[in-house]
Amino acid sequence: MGGNERTSASAATRKSAAALLTRRSPRSVRAAVLFLHGGKAHSRSTSRGWYPSPVRMRPFVRAVAAAVPDDDVLLAEVRYRVCGWNGHDADPVRDTRQALRELAALAEDVPVVLVGHSMGGRAALRAAVAPRVRAVLALAPWCPEGEPVAHLRGKDVIVLHGDRDRVTDAHASASFVSRARAAGARAELKIMAGGGHAMLRRSGHWHRTAASAVVGLLADANAIR
């Protein structure tokens with residue numbers, strides 16, 4: 001196979017790869033939690049599951065799995081095609097929408113909670129425009145000025161942000177939460193004392209806090225079905 005043929009085959013494989021990477025798939029599903037890892041502002045490099053950003057999210061998946069032992073809550077990760085947000089392309093949002101379509105094939109009409117870190121937090125907040133997404137837990141999210149909030153009306157949004165984050169801005173998260181509330185979202189911000197962007201310092205506290213938040217969001221999501 002020539003170089004161009006190999007490139008075309010590789011691109012076709014990435015295009016057809018599933019966006020939904022299921023971590024727990026019960027026979028009967030009443031709700032789902034999808035996890036979105038971080039990335040870069042600009043990068044067309046192929047995203048790999050062993051890169052630091054997706055690996056960092058795995059303890060959050062395990063923590064939620066332990067806190068939500070029910071056999072009817074599906075847990076999955078969103079598999080990105082590329083590593084970056086990439087301006088107007090908003091690539092991780094496209095991937096999340098595809099993952100939601102794939103989820104619908106497994107469980108047609110169940111409430112979804114999105115859990116995203118950094119770029120994944122921004123993607124989760126954007127993808128919450130989907131009616132089945134009832135809630136978002138954003139971990140140290142990237143919230144540029146002017147991010148849309150109107151679509152969050154009537155939805156639950158929890159933002160956890162470390163006060164020592166030097167990559168994304170806790171003040172920007174506070175501004176986002178304020179605007180989301182004004183738009184009709186049930187939004188709240190929790191500052192994680194001493195927390196940095198990678199959530200490694202006091203990591204257990206991050207994992208437990210996130211898992212507890214997901215338990216509450218799932219309860220609220222199912223109550224309003």
Side-chain angles (χ1 to χ4, degrees), residues 10-23 32-61 64 74-106 112-152 155 157-161 165 167-169 172-173 176 180 185 197-199 210 214 217:
S10 176
T13 299
R14 290 197 300 272
K15 185 176 181 180
S16 62
L20 188 74
L21 184 60
T22 304
R23 293 302 184 186
V33 182
L34 304 189
F35 297 83
L36 293 75
H37 62 77
K40 300 180 179 180
H42 303 282
S43 175
R44 302 288 181 183
S45 298
T46 301
S47 181
R48 305 293 187 186
W50 61 84
Y51 286 174
S53 292
V55 168
R56 181 63 191 93
M57 287 301 288
R58 305 285 160 72
F60 287 95
V61 179
V64 170
L74 182 146
L75 304 180
E77 298 174 39
V78 176
R79 192 201 313 256
Y80 302 154
R81 291 163 296 114
V82 296
C83 294
W85 180 272
N86 301 319
H88 292 297
D89 286 345
D91 281 308
V93 181
R94 295 171 58 192
D95 296 331
T96 304
R97 289 171 179 161
Q98 178 60 32
L100 289 169
R101 287 191 289 269
E102 293 171 16
L103 173 63
L106 299 175
V112 177
V113 175
L114 300 180
V115 180
H117 173 231
S118 192
M119 181 189 77
R122 183 183 184 186
L125 292 164
R126 283 275 192 101
V129 69
R132 67 187 319 184
V133 176
R134 305 295 180 82
V136 176
L137 172 62
L139 310 170
W142 174 25
C143 293
E145 185 177 354
E147 272 296 289
V149 295
H151 64 287
L152 296 172
K155 304 200 177 193
V157 175
I158 298 177
V159 176
L160 307 182
H161 213 129
D165 196 324
V167 177
T168 56
D169 187 357
S173 283
F176 181 90
H197 190 68
M199 308 173 294
V214 170
L217 291 173

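Quick note: numbers below take in every heavy atom, side chains included, and nothing from hydrogens, waters or symmetry partners.
Side chains of Leu137 and Phe60 form no contact here, defined as non-hydrogen atoms less than 4.5 Å apart. Side-chain contact check for Thr46 versus Arg48: some heavy-atom pair is nearer than 4.5 Å. Counting only heavy atoms from C-beta outward, the side chains of Glu77 and Arg23 approach each other to under 4.5 Å. The closest side-chain heavy-atom distance from Val78 to Leu114 is not below 4.5 Å. When side chains are defined from C-beta on, Arg81 counts as touching Arg94, because their heavy atoms get closer than 4.5 Å. The shortest distance between side-chain heavy atoms of Thr168 and Ser118 falls below 4.5 Å.
Nearest heavy atom pair, residue Leu103 against residue Arg132, reads C-NH1, 4.1 Å. Of all the heavy atoms in Phe176 and Leu152, the pair that sits closest is CZ-CD1, 3.7 Å. Considering all non-hydrogen atoms of both residues, Ser47 and Cys83 come closest at CA-SG, 3.7 Å. The minimum heavy-atom distance linking Ala90 with Arg126 is given by the pair CB-NH1, 4.4 Å. Considering every non-hydrogen atom in both Pro141 and Ser173, the closest pair reads CG-OG, 3.4 Å. Scanning both residues, Val133 and Ala127, for their nearest heavy atoms gives CG2-O, 4.0 Å.
Glu102 places a side-chain N or O within donor-acceptor distance of the main-chain N or O of Leu20, the cut-off being under 3.5 Å. A distance-only check finds a donor-acceptor pair linking the side chain of Tyr80 to the backbone of His37 [under 3.5 Å].
Atom CG of Leu75 sits about 11.5 Å away from atom CG of Leu21, to the nearest 0.5 Å. The distance from the CG atom of Leu36 to the CZ atom of Arg122 is 13.5 Å, given to the nearest 0.5 Å.
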Pair Met199-Leu139, side-chain contact (heavy atoms from CB on, under 4.5 Å): steps then yes or no: CA-CA 9 Å; Met199 308 173 294; Leu139 310 170; 3.8 Å; yes

Go through Lys155 and Val136 one step at a time and tell me if the side-chain contact (heavy atoms from CB on, under 4.5 Å) criterion holds. CA-CA 8 Å; Lys155 304 200 177 193; Val136 176; over 6 Å; no

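A side-chain contact (heavy atoms from CB on, under 4.5 Å) with Leu217 is found for one member of Val113, Val157, Val33 and no other, namely Val113.
Ring geometry, His197 versus His117: the interplanar angle falls from 30° to 60°, so the pair is classed tilted.
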